[in-house]
Amino acid sequence: MELRIFTEPQQGATYDDLLRVALEAERLGFGAFFRSDHYLGMGTPGLPGPTDAWTTLAGLARETSTIRLGTMMTSATFRYPGPLAIQVANVDQMSGGRVELGIGAGWFVQEHEKYAIPFPGTAERFDRFEEQLAVVTGLWSAPAAEDGGFSYDGTHYQVSESPGLPKPVQRDGHAGGPPVLIGGVGKRRTPVLAARYADEFNLPFVPFDTGVEQIARVHAACEEIGRDPGSLTTSSALVLCVAENEADLARRAAAIGREVDELRENGLAGLVPEVVDKIGRYAETGQSRLYLQTLDLGDLDHLRLVAEQVVPQIP
């Protein structure tokens, strides 16, 4: 089981805050450093204000050396597919091939209202999301311009003989570029899109049994198009709150505004032996990665505890 660090900087973090966490995560041997793609704090003023996901990942690409970097999840409403393909390819080059694109349809209406971003209805957002996936991956895997390049005639996006430049360093993802992550619990379109485009399917903060059911839908969608379900990595994102004793556990829960009992039920939370057991339960479902949502970015001892006491006990 690979453990990855996942941050929510819209809740209140500067680039320097993110850099400190990313460097410590790299030093400790975590598999990746991911960040959300949001422009508005949730239940908090989010001071000093949001940072842009791909701008900060570009900086981190140059200031780290081994840890993988990505978004969970870039909102398809925020960027046109062509510029997004260019941004991700650029950051992939800047990192030496360490970038992953987590992407979703977008859901947080208030941040769209506050920052002048159009927010279509659910059906149109998913239509645009599907077309974005086709265009972004099509541009990455496009043949050379002299061989016709890449063209696409969608309802929302059209491309005519694009050279599909620049090319990312990584070209061996399922869709021809860096790894693509898709997540969610939609029962119809989400599994189909994951089967067609994703290298990894992620379950975001869902009850354990709900996740098992959704993985089954995604695997069925893979089989329907002749894809080996085993070629798709599955993972979960969970709030992290672990400690060596109950007093420290209560302190860490209070620091992120949560109750210990609720976190024990819904997150990767508890004392070290409890957390090790929970990780084993997720591994039994075939999941091979967990994204540890780290909300208190000033508590680097939290990450050290996981690396030094939890990781060595994972089978």
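- Here the side chain of Gln287 pairs no donor or acceptor atom with the backbone of Ala283 at under 3.5 angstrom.
- There is a path of hydrophobic side-chain contacts, each under 4.5 Å, that joins Met1 to Val276.
- More than 12 heavy atoms of other residues, nucleotides or ligands lie within 6.0 Å of CG in Asp228, so this atom counts as buried by the packing criterion.
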_Show, in sequence, the C-alpha distance, side-chain angles and deciding distance for Asp52 and Arg79, and conclude whether the salt bridge (charged side-chain N to carboxylate O under 4.0 Å, His left out) test is met._
CA-CA 12 Å; Asp52 180 78; Arg79 302 165 181 88; 3.0 Å; yes
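- With rounding to the nearest 0.5 angstrom, the CG atom of Leu303 is 8.5 Å from the CG atom of Leu292.
- Rounded to the nearest 0.5 angstrom, Thr14 OG1 and Leu19 CG are separated by 9.0 Å.
- In terms of modelled atom types and a separation under 3.5 Å, the side chain of Tyr39 and the main chain of Phe78 share no donor-acceptor contact.
- Using a 30° and 60° split on the angle between ring planes, Phe150 and Tyr152 fall in the parallel class, below 30°.
- Residues Leu305 and Glu244 have side chains in contact (heavy-atom distance under 4.5 Å, counting atoms from C-beta outward).
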*Evaluate the criterion salt bridge (charged side-chain N to carboxylate O under 4.0 Å, His left out) for residue pair Glu111 and Lys114; output intermediate values, then yes/no.*
CA-CA 5 Å; Glu111 67 188 338; Lys114 303 297 184 187; over 6 Å; no
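- In this structure, Leu28 is a member of the same hydrophobic cluster as Leu300, with clusters built from ILVMFWY side-chain heavy atoms closer than 4.5 Å.
- Looking at Gln132, its side chain does come within 3.5 Å of a backbone N or O of Ala76 through a donor-acceptor pair.
- Criterion: ILVMFWY side-chain heavy atoms under 4.5 Å apart, direct or through other members. Under it, Ile182 and Tyr291 are not part of a common hydrophobic cluster.
- Looking at every heavy atom in both residues, Ala53 comes nearest to Ser36 through CB-O, 3.9 Å.
- Residues Phe6 and Val275 do not share a hydrophobic cluster, clusters being chains of Ile/Leu/Val/Met/Phe/Trp/Tyr side chains in contact below 4.5 Å.
- The shortest side-chain heavy-atom distance between Thr51 and Arg35 falls under the 4.5 Å cut-off.
- For CZ of Arg62, the number of neighbouring non-hydrogen atoms (other residues, nucleotides, ligands) closer than 6.0 Å is 12 at most.
- When hydrophobic clusters are built by joining Ile, Leu, Val, Met, Phe, Trp and Tyr residues whose side-chain heavy atoms come closer than 4.5 Å, directly or via intermediates, Val91 is grouped together with Ile103.
- Here the side chains of Pro178 and Trp140 are in contact, with some heavy-atom distance below 4.5 Å.
- Remark: the backbone N or O of Met42 is paired with a side-chain donor or acceptor of Gln11 at under 3.5 angstrom.
- Distance check: Ile256 CD1 to Gln293 CD gives 7.5 Å after rounding to the nearest 0.5 Å.
- Met94 contributes atom CE, which lies 10.5 Å from atom CG of Leu69 (distance to the nearest 0.5 angstrom).
- Taking the charged nitrogens against the carboxylate oxygens, Glu130 and Arg196 do have a contact shorter than 4.0 Å, which makes a salt bridge.
- When side chains are defined from C-beta on, Pro207 does not count as touching Asn266, because their heavy atoms never get closer than 4.5 Å.
- A donor-acceptor contact shorter than 3.5 Å is absent between the side chain of Lys187 and the backbone of Gln214.
- Here the side chains of Arg128 and Tyr157 are in contact, with some heavy-atom distance below 4.5 Å.
- Interatomic distance, Ile215 CD1 to Thr210 OG1, rounded to the nearest 0.5 Å: 11.0 Å.
- Distance check, rounded to the nearest 0.5 Å: OG1 of Thr77 to CD of Glu124 gives 11.0 Å.
- Salt bridge Arg4/Glu100: present, at least one basic N to carboxylate O contact under 4.0 Å.
- Ion pair Arg189/Asp127 flagged as a salt bridge, since at least one NZ, NE, NH1 or NH2 atom sits closer than 4.0 Å to an Asp/Glu carboxylate oxygen.
- Arg264 contributes no side-chain N or O that, together with a main-chain N or O of Gly270, makes up a donor-acceptor pair within less than 3.5 Å.
- Between Asp296 and Arg251, no side-chain nitrogen of the basic residue sits less than 4.0 Å from a carboxylate oxygen of the acidic one, so the salt-bridge criterion is not met.
- Judged by distance alone, the side chain of His174 and the main-chain N or O of Pro179 form no donor-acceptor pair under 3.5 Å.
- Across Val311 and Ala307, no two heavy atoms sit closer than the pair CB-O, 3.6 Å.
- A donor-acceptor contact shorter than 3.5 Å is absent between the side chain of Arg125 and the backbone of Trp107.
- Considering all non-hydrogen atoms of both residues, Ala22 and Ile67 come closest at O-CD1, 4.3 Å.
- In this structure, Arg258 contributes its side chain and Ala253 its backbone to no donor-acceptor pair below 3.5 Å.
- For the ring pair (Phe, Tyr, Trp, His ring centres under 6.0 Å) condition, the pairs that include at least one residue of residues 196-224, sequence neighbours left out, are Phe208-Tyr282.
- Heavy atoms of other residues, nucleotides or ligands lying less than 6.0 angstrom from CD of Gln110 number more than 12.
- For the pair Ser151 (side chain) and Glu161 (backbone), a donor-acceptor distance under 3.5 Å is present.
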